[in-house]
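The structure displayed is predicted, hence computed values, not measured ones. Reminder, nothing fancy here: chain letters follow the sequence lines and each chain counts from 1.
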Amino acid sequence: MAMTLKTVDEFYRRLSERDPEPRGELHFINPYTLLVAVVLSAQATDVGVNKATGPLFAAADTPEKMVALGEARLRDCIKTIGLYRNKAKNVIRLSELLIERHAGAVPRDRDALVALPGVGRKTANVVLNIAFGEPTIAVDTHIFRVGNRTGLAPGKTVEAVEDALLRRTPDRWKLHAHHWLILHGRYICKARKPDCPACPVIDLCQFKAKTLVA
DNA sequence: CTCCCGATAT
DNA sequence: ATATCAGGAG
C-alpha cells in the first residue's frame, strides 16, 4: 500500500528538517576512491569497509596506484570484508579499465559505470549522486526496506522501488533523498529491531500502524 | 536462482 | 546460533 503523495512530501520534509545536509558514511577522498569504497561495501557495513580503506587508500588512491599495488596485496588489505576475493579481482580489473577507457578518470555515465566489473546499477547511482551531484536514488538493502515497509515506495524488486521513488519523490527532495532514506533505514527503520519510538515519521508509516493494532 | 564471505548485533 | 550488512555475477 502506497502512502499518498502529500504524505510522501511530508515524509521528506520531516527527515530534511532533522538533517538538512545528509552525508554518507563511507570514507573516500576522490571519485575513484568513492567508486572503490562502494564496490567494497556490497553486503558489508560502512564501519567495516572504512576500517580497511583507511590504510588501503593511503597506499592507493588512483587506478594506477591500485594496479601497481596488485591483486594479492589488495586482497590482504580487504580480508576483513566479506566477499573479498571477488572484490579484489573486480577492483583491479575495474582500475585497469578506467585507465584503458577513461584516461584514469571515473566516467559520469551510467552505462560506462555499469560496464565495469563489480559495478551494478546501485553502485553507479551512488557515484552519479555523490561524485557528480545527479538526482539519482540508489536502492540498497536499507532503501528497499524503507520504501516497502513504510509505504513510501512499494515494489517487489529494487528496480520497481527505484522507479516508484523517482516518480513519487518531489524534485526538491531528489538530490538528497538517497541519503535521507539510507540513514533513516540504518538508524531508525532497522531490519531486525526498528526503533519506532524514535521515528520522526511514525504517524505517516503504514508499518507502525499495523504493529500498533496488532 | 546460487554463490561469494568476514564482522557485528541480536 | 543466526540474521544482516551501502550487491553483483554467472
DNA chain C: 5'-proximal contact among A:Val119 and A:Ser41 (nearest heavy atom):
A:Ser41

Residue A:Tyr84, side-chain heavy atoms: nucleotide from C:dG7, B:dA7, B:dC5 that is nearest:
B:dC5

At under 4.0 Å between heavy atoms, what does A:Lys193 touch on the DNA or RNA strands: base, sugar-phosphate, or nothing?
nothing

Regarding A:Gly185, tell me which of base, sugar-phosphate or nothing describes its non-hydrogen contacts under 4.0 Å with the strands shown.
nothing

Using a cut-off of 4.0 Å on non-hydrogen atoms, how would the nucleic acid contact of A:Val47 be classed: base, sugar-phosphate, or nothing?
nothing

What's the verdict on salt bridge (Lys or Arg N to Asp or Glu O under 4.0 Å) for A:Arg93 and A:Glu96, showing C-alpha distance, side-chain angles and the deciding distance?
CA-CA 5 Å; A:Arg93 184 61 188 140; A:Glu96 292 171 346; 3.0 Å; yes

When rounded to whole Å, the CZ to P distance for the pair A:Arg75 and B:dC4 reads 15 Å

Within the pair A:Gln43 and C:dG7, is there a side-chain N or O less than 4.0 Å away from OP1 or OP2?
yes

Could you tell me how far C:dA1 sits from B:dC4 if I compare only their P atoms? Round to whole Å.
23 Å

On DNA chain B, more 5' by nearest nucleotide between A:Lys51 and A:Leu83 is A:Leu83

Under 4.0 Å, counting only non-hydrogen atoms across every strand here, what does A:Leu183 touch: a base, just sugar-phosphate, or nothing?
nothing

A:Leu94 CG to C:dG8 C1', in whole Å, measures 13 Å

I'd like the P distance from C:dG10 over to B:dC5, given in whole Å.
14 Å

Where do A:Glu159 and A:Arg121 land on the salt bridge (Lys or Arg N to Asp or Glu O under 4.0 Å) test, with the steps shown first?
CA-CA 9 Å; A:Glu159 292 82 4; A:Arg121 186 176 179 90; over 6 Å; no

Only one of A:Val91, A:Leu26, A:Asn90 passes side-chain contact (heavy atoms from CB on, under 4.5 Å) with A:Leu40, and that residue is A:Val91

Rounded distance in Å - CG (A:Leu26) to P (C:dG7):
10 Å

Separation of C:dG8 C1' from A:Leu40 CG (nearest whole Å):
13 Å

Between C:dC5 (P) and A:Ile182 (CD1): distance, integer Å
10 Å

Separation of A:Arg93 atom CZ from C:dG10 atom P, in whole Å?
13 Å

Can you tell me how far P of C:dA3 sits from CZ of A:Arg145, to the nearest Å?
16 Å

Please tell me if A:Thr80 has a side-chain N or O lying less than 4.0 Å from either OP1 or OP2 of B:dA7.
no

5' precedence on DNA chain C between A:Asn90 and A:Arg23 (nearest-nucleotide basis):
A:Arg23

A:Lys174 side chain to A:Leu166 main-chain N or O, any donor-acceptor pair under 3.5 Å?
yes

Classify the nucleic acid contact of A:Gly48 as base, sugar-phosphate or nothing, counting any heavy atom under 4.0 Å across all strands shown.
nothing

Phosphate OP1/OP2 of B:dC5 contacted by A:Arg85 side-chain N/O (<4.0 Å)
yes

Side chain of A:Thr123 only, please: which of C:dG7, B:dT10, B:dA7 is the nearest?
C:dG7

Donor-acceptor pair, side chain of A:Trp173 and main chain of A:Val8, under 3.5 angstrom:
no

Near A:Arg167 CZ, under 6.0 Å, is it more than 12 heavy atoms from other residues, nucleotides or ligands?
yes

Between CD1 of A:Ile78 and C1' of B:dG6 the distance, given in whole Å, is 11 Å

Nearest listed nucleotide, side chain of A:Asn86, among B:dC4, B:dG6, C:dC5
B:dC4

Using a 4.0 Å heavy-atom cut-off, does A:Ala44 contact any base of the nucleic acid, only the sugar-phosphate backbone, or nothing at all?
base

Listed nucleotide nearest any side-chain atom of A:Arg192, set C:dG7, B:dC5, C:dA3
C:dA3

